[in-house]
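Ligands are counted one by one from 1 in listed order, and the atoms in each one are counted from 1 as well.
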Amino acid sequence: MTNTAAIPSLDKAQAFTGRTHKLFIGGQWVEPMEEESFSTENPATGKKLAIVSKATAKDVDRAVAAARAAMNSSEWSEMKPSVRAKLMFRLADLLEANIDEFAALESLDNGKPVRDARYFDLPHAIETIRYNAGWATKLNGETIALSGPGTWHAYTLREPVGVVAQIVPWNAPIAMAAAKIAPALAAGCAIILKPAEETPLTALRLTHLIEEVGFPAGAFNLLTGFGDTAGAALTAHPDVDKVTFTGSTEVGRLILKAAAGNFKRVTLELGGKTPVIVMPDANVAQAIEGAARSIFTNTGQVCNAGSRLFVHQSHFDEVVEGVSKIAKAIKIGSGLDADTQMGPVISRTQRDRIRGYVSSGVQQGAMLYAGGEELDREGYFVSPTILTDTDAEMAVRREEIFGPVLCAMSFGEDELEQIATNANASEYGLGAVIWTNNLSAAHLLARKLKAGTVRVNGGGLDPALPFGGFKQSGWGRENGREGIEAYTETKAVAVAL
Ligand code: ADP
């Protein structure tokens with residue numbers, strides 16, 4: 001039995017799931033034009049959770065028109081940056097005031113431990129909104145000295161890119177939604193947000209807060225619905241100026257093609273196969289703990305999960321045994337159970353996919369060091385799994401599994417070039433983690449790794465730190481100055497004096 005007694009605001013979250021959820025277009029909650037609704041399920045039980053409106057191409061047309069109208073309205077386009085910032089700070093405050101309800105809702109919808117939602121996802125979402133609110137008043141162009149004949153006054157303006165479609169995945173719904181909407185609002189864009197069909201609830205609840213804050217009509221619109229209908233229509237729409245997407249590399253490729261029609265600006269955060277490298281001089285206890293956290297957090301459903309562990313041979317046995325001990329001790333269960341450390345994966349499909357990877361690895365000769373067993377309980381659970389004796393050609397080593405499955409490898413030398421080559425042997429390049437106390441090795445390796453973010457001896461996400469991928473992990477960066485500048489167009493103005 002799940003002990004939910006101690007979960008604050010669970011009653012509020014449950015009441016919210018039972019409400020009628022419409023689409024939010026042009027400042028109004030409206031019914032979808034064609035298809036009625038679809039239901040979502042609780043991944044911890046496999047049972048129906050909520051009934052949500054299903055947007056189709058006609059709703060996309062309406063939402064894009066509403067966003068365009070906001071971009072053309074003086075209320076939004078001429079709003080002072082400090083007023084935009086104030087609205088955003090107010091949104092962050094409201095989210096913080098309702099943090100327990102959001103955490104419970106996120107756990108119901110996505111399955112993640114409510115503690116993780118309450119103490120990681122939500123504080124991160126709130127901080128992301130505040131961080132970007134601060135940028136609203138600091139987005140400036142520059143003056144430029146020209147060298148051609150004549151006397152010139154030349155400068156750049158940073159203008160909002162316009163109507164932005166934002167498509168987010170199910171693994172960290174509220175944190176992803178915040179990472180998308182905050183820089184776009186700060187830059188003065190008009191948004192159409194489409195949450196994942198599996199997890200629309202916190203985006204819906206957030207929309208109520210956005211309504212309460214009082215952003216101008218059309219500045220923010222929410223469409224719940226499916227990727228191949230609402231999502232595809234958004235990415236192909238001729239009046240959308242930019243699309244930002246987080247999700248699979250496969251869908252990223254479709255989006256890129258769809259965006260080509262009108263040369264939409266595109267930011268893509270895609271898959272990863274992050275290497276975690278444990279050097280000979282690492283603090284082994286910390287490396288073990290960090291390596292386990294990196295792959296098992298959020299049941300491994302993290303684009304930046306440390307799924308390939310490279311350990312110097314002098315520590316290999318100790319590290320693999322240490323991570324395995326942690327894996328075996330992890331308490332698996334419903335995210336709403338206060339003791340749960342690892343929740344279910346998002347769906348039956350995802351569970352079966354993960355199991356498929358593990359068994360294909362084993363069939364090809366990998367050794368199952370820990371996990372891999374099927375858990376006999378309702379809902380979609382997978383045990384934390386460690387594979388050794390893999391080779392670089394196996395699908396488990398090459399492909400993003402998006403589950404709690406770790407491939408552990410040893411390396412025999414501490415020659416940096418070779419370590420970097422092994423770590424870089426992936427079509428992805430999102431993140432990399434190094435455990436070492438050798439300052440030179442850390443910095444030299446950081447230069448050699450083909451990854452958008454390199455972390456040394458731990459570290460987490462920060463809204464100030466650019467995030468994004470090399471290679472097939474994506475296009476562009478979110479967070480930091482680059483993240484907000486990606487929502488602007490640079491206009492150069494040259495005045496002959
Ligand atoms: P995952 O494989 O992790 O489920 P996806 O990349 O399929 O993630 O989905 C992430 C988001 O992309 C979801 O909001 C989904 O609805 C959306 N999506 C899926 N297919 C398409 C598509 N063809 N065009 C636009 N969005 C899509």
Shortest protein contact, [atom] (heavy atom only):
atom                    : value
atom 7 (O) of ligand 1  : V251 CG2, 3.6 Å
atom 13 (C) of ligand 1 : V168 O, 3.4 Å
atom 17 (C) of ligand 1 : I167 CG2, 3.5 Å
atom 4 (O) of ligand 1  : W170 NE1, 2.7 Å
atom 18 (N) of ligand 1 : G227 CA, 3.3 Å
atom 15 (C) of ligand 1 : E197 OE1, 3.4 Å
atom 25 (C) of ligand 1 : G231 C, 3.2 Å
atom 23 (N) of ligand 1 : L254 CD1, 3.7 Å

Do H208 and F24 pass the ring-ring contact (aromatic ring centres under 6.0 Å, His included) test, and can you show the C-alpha distance, the side-chain angles, and the key distance before you say yes or no?
-> CA-CA 9 Å; H208 287 278; F24 189 72; 7.9 Å; no
[X] to ligand 1: N or O pair under 3.5 Å?
X    : answer
S248 : yes
K194 : yes
E198 : no

May I ask you to list the atoms of ligand 1 that are less than 4.0 angstrom from any heavy atom of A232?
->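 Near A232, meaning under 4.0 Å from one of its heavy atoms, ligand 1 has 24 (N), 25 (C).
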G247: numbered ligand 1 atoms lying under 4.0 Å from its heavy atoms |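 Matching atoms, with element in brackets: 6 (O).
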Between the side chains of N298 and K112, is a donor N or O closer than 3.5 angstrom to an acceptor N or O?
->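 N298 vs K112: donor-acceptor pair found between side chains.
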Applying salt bridge (charged side-chain N to carboxylate O under 4.0 Å, His left out), name anything that partners K54, two or more places apart in sequence or on another chain.
->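 Result, salt bridge (charged side-chain N to carboxylate O under 4.0 Å, His left out) vs K54: E35.
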Please report the closest heavy-atom contact between P344 and P43, naming both atoms and the distance.
->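 Of all heavy-atom pairs spanning P344 and P43, the closest is CB-O, 3.5 Å.
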Charged tip of R377 within 45° of F381 ring normal and under 6.0 Å =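 Ring-cation test returns yes.
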For F402, is the nearest heavy atom under 4.0 Å from an atom of ligand 1?
->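 Under 4.0 Å: no for F402.
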Looking at side-chain heavy atoms only, is the closest gap between Y428 and E400 below 4.5 Å?
->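 Side chain of Y428 against side chain of E400, heavy atoms only: contact under 4.5 Å found.
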Determine whether L94 and E212 make a side-chain contact, defined as any pair of heavy atoms from C-beta on separated by less than 4.5 Å.
->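 Answer yes - side chains close enough.
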So, for W135 and Y487, is the gap between ring centers shorter than 6.0 Å?
->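 So the answer is no for these two rings.
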Under the side chain to side chain contact (heavy atoms under 4.5 Å, CB included) test, residues paired with T235 that sit two or more places apart |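 Once residues adjacent in sequence are excluded, the partners of T235 under the side chain to side chain contact (heavy atoms under 4.5 Å, CB included) criterion are I167, V243, I255, A258.
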